[in-house]
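For the numbers below, each heavy atom of this structure counts, side chains included, while hydrogens, waters and symmetry mates do not. In the text below, chain A, chain B and the rest are named by the order of the sequence lines, each starting its count at 1.
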Protein chains: 2
Amino acid sequence: MAGHHTITETERQVENKLGGLPINFTATAAVSNIFRGATAVRNQLERTVLRPSGLSWTAFVVMWVVWVWEPIETRAIASEGGFSKATLTGVLTTLEARDFVTREKSPLDGRLVLVRLTDSGRELMENLFPKFNAMEEQIVSGLTAAETLTLATLLRKVTQSIEGDD
Amino acid sequence: MAGHHTITETERQVENKLGGLPINFTATAAVSNIFRGATAVRNQLERTVLRPSGLSWTAFVVMWVVWVWEPIETRAIASEGGFSKATLTGVLTTLEARDFVTREKSPLDGRLVLVRLTDSGRELMENLFPKFNAMEEQIVSGLTAAETLTLATLLRKVTQSIEGDD
DNA sequence: TGTTAATTGTTCGTACCCGAACAATCTTGG
DNA sequence: CCAAGATTGTTCGGGTACGAACAATTAACA
């Protein structure tokens with residue numbers, strides 16, 4: 001777990017302070033950088049693109065998933081977006097209150113809820129997503145195309161080994 | 001932004017649905033996988049190691065940073081851990097209530113607050129950190145050592161290009 | 001020396017975030 | 001056909017998470 005201190009500084013301090021405790025620093029560096037990277041990326045996208053439109057990160061992810069796959073069941077949105085059903089219920093409540101999505105019970109199975117974008121939700125995404133994607137491009141602009149692909153591939157490997165699915 | 005659907009599936013659906021909108025899918029894949037990876041890693045570590053000890057992810061990060069660098073100013077903890085000062089105040093309040101840390105005003109500058117672990121806080125970390133690091137190792141066990149280092153390096157490049165510092 | 005500017009940590013309001021428990025609904029098995 | 005088991009989405013409680021505003025303190029400048 002290291003932020004601004006380099007791995008070497010942290011290793012040295014941990015050696016001094018924690019007295020020879022066996023630590024896999026490479027694993028620690030990878031894990032902490034995944035998390036630091038995610039926080040930095042999310043904050044950057046929220047600050048420059050999303051907040052001016054009144055959306056949080058997760059609200060945007062939900063809108064994007066619905067935009068691409070609608071009509072879609074809530075359990076599929078949660079799975080696709082990587083958050084819990086409880087979180088999704090709260091975010092959908094927020095989006096519905098802003099008239100960006102609708103929810104309706106599935107005619108096929110009374111347990112299921114189907115979600116669609118409204119006209120204003122679709123319009124919001126048409127305006128917003130190009131800006132979002134431009135900022136995504138800027139975020140990875142310090143990497144080569146091959147490095148960007150490698151990064152996505154290694155992260156997907158990590159996520160799949162945790163979640164144990166496709 | 002894609003979860004369980006592969007990049008190819010998502011590309012195809014986006015092409016069908018959004019009609020030739022120019023999208024940099026490699027950037028999207030990298031950004032969404034950073035975020036998905038972070039959520040998966042955090043949930044895995046919280047579920048298996050942290051929650052049994054009553055700590056959240058961020059509470060653990062704070063404890064770790066204080067453990068390594070104590071006594072440490074709150075502004076340095078926030079910077080090192082990558083979250084806001086407002087968030088840190090709340091987490092420190094929780095940790096202080098559980099008698100894991102102490103806060104005291106700096107004798108050198110009345111604006112600053114210094115944080116240390118308590119004895120029970122130190123004992124908690126001595127017990128917890130080896131388990132945490134073992135789970136970190138397991139999380140990256142699907143990668144080679146070179147891939148793990150590459151992952152950390154690419155993520156650090158991304159984070160530094162956003163935050164624009166060392 | 002006094003005023004202005006900057007910095008720090010806290011508070012407030014709002015929005016996530018999730019596990020557990022629950023009610024409603026569907027599936028499975030006898 | 002009915003009971004038991006499983007699944008779904010919602011609610012609840014507790015914990016982040018952050019920007020803006022604020023009070024207290026220090027730094028800078030004339």
How would you label the contact of A:Arg47 with the nucleic acid (heavy atoms, under 4.0 Å): base, sugar-phosphate, or nothing?
-> nothing
Whole angstroms only, please: what is the [atom1]-[atom2] distance between [X] and [N]?
{"X": "B:Arg75", "N": "C:dT10", "atom1": "CZ", "atom2": "P", "result": "13 Å"}
{"X": "B:Lys105", "N": "C:dG9", "atom1": "NZ", "atom2": "C1'", "result": "10 Å"}
{"X": "A:Arg42", "N": "D:dT16", "atom1": "CZ", "atom2": "P", "result": "15 Å"}
{"X": "B:Asn43", "N": "C:dC17", "atom1": "CG", "atom2": "P", "result": "10 Å"}
{"X": "B:Glu96", "N": "C:dG9", "atom1": "CD", "atom2": "C1'", "result": "13 Å"}
{"X": "B:Leu95", "N": "C:dG9", "atom1": "CG", "atom2": "P", "result": "16 Å"}
{"X": "B:Glu73", "N": "D:dT26", "atom1": "CD", "atom2": "C1'", "result": "13 Å"}
{"X": "B:Glu46", "N": "D:dT16", "atom1": "CD", "atom2": "P", "result": "9 Å"}

By nearest-heavy-atom nucleotide on DNA chain D, the more 5' of A:Phe35 and A:Lys85 is A:Lys85
Between B:Gly82 and B:Arg98, who's closer to the 5' end of DNA chain D by nearest nucleotide?
-> B:Arg98
Considering only [options], which nucleotide approaches the side chain of [X] most closely?
{"X": "A:Thr58", "options": "C:dT25, C:dC18, C:dC16", "result": "C:dC16"}
{"X": "B:Arg51", "options": "C:dC18, D:dG9, C:dG9", "result": "C:dC18"}
{"X": "A:Asp109", "options": "C:dA15, C:dT25, C:dC16", "result": "C:dT25"}
{"X": "A:Ala86", "options": "C:dA20, C:dT25, C:dG9", "result": "C:dA20"}
{"X": "B:Ser56", "options": "C:dC18, D:dT16, C:dT10", "result": "D:dT16"}
{"X": "A:Thr89", "options": "C:dT7, D:dT16, D:dG9", "result": "D:dG9"}
{"X": "B:Ala59", "options": "D:dT8, D:dT16, C:dG9", "result": "D:dT16"}

Classify the angle between the aromatic ring planes of B:Phe60 and B:Phe129 as parallel (below 30°), tilted (30 to 60°) or perpendicular (above 60°).
-> parallel
Distance-only donor-acceptor check, side chains A:Thr153 and A:Thr150, under 3.5 Å = no
Classify the side-chain pair A:Ser56/A:Thr58 by whether it contains a donor and acceptor separated by less than 3.5 Å.
-> no
Aromatic ring centroids of B:Trp57 and A:Phe35 under 6.0 Å?
-> yes
Does a nitrogen or oxygen in the side chain of A:Arg111 sit under 4.0 Å from OP1 or OP2 of C:dT27?
-> no
Give a yes/no on whether any side-chain N or O of B:Thr74 is located under 4.0 angstrom from OP1 or OP2 of C:dT8.
-> no
Applying side-chain contact (heavy atoms from CB on, under 4.5 Å) between B:Val41 and each of A:Ile34, A:Thr159, A:Leu155, report the one that passes.
-> A:Ile34
Does A:Thr87 or A:Pro107 map to a spot on DNA chain C nearer the 5' end, using the closest nucleotide for each?
-> A:Thr87
5'-most by nearest nucleotide on DNA chain C - B:Leu112 or B:Thr93 = B:Leu112
Taking NZ, NE, NH1 and NH2 as the nitrogens, is one of them in A:Arg122 or A:Glu126 under 4.0 Å from a carboxylate oxygen of the other?
-> no
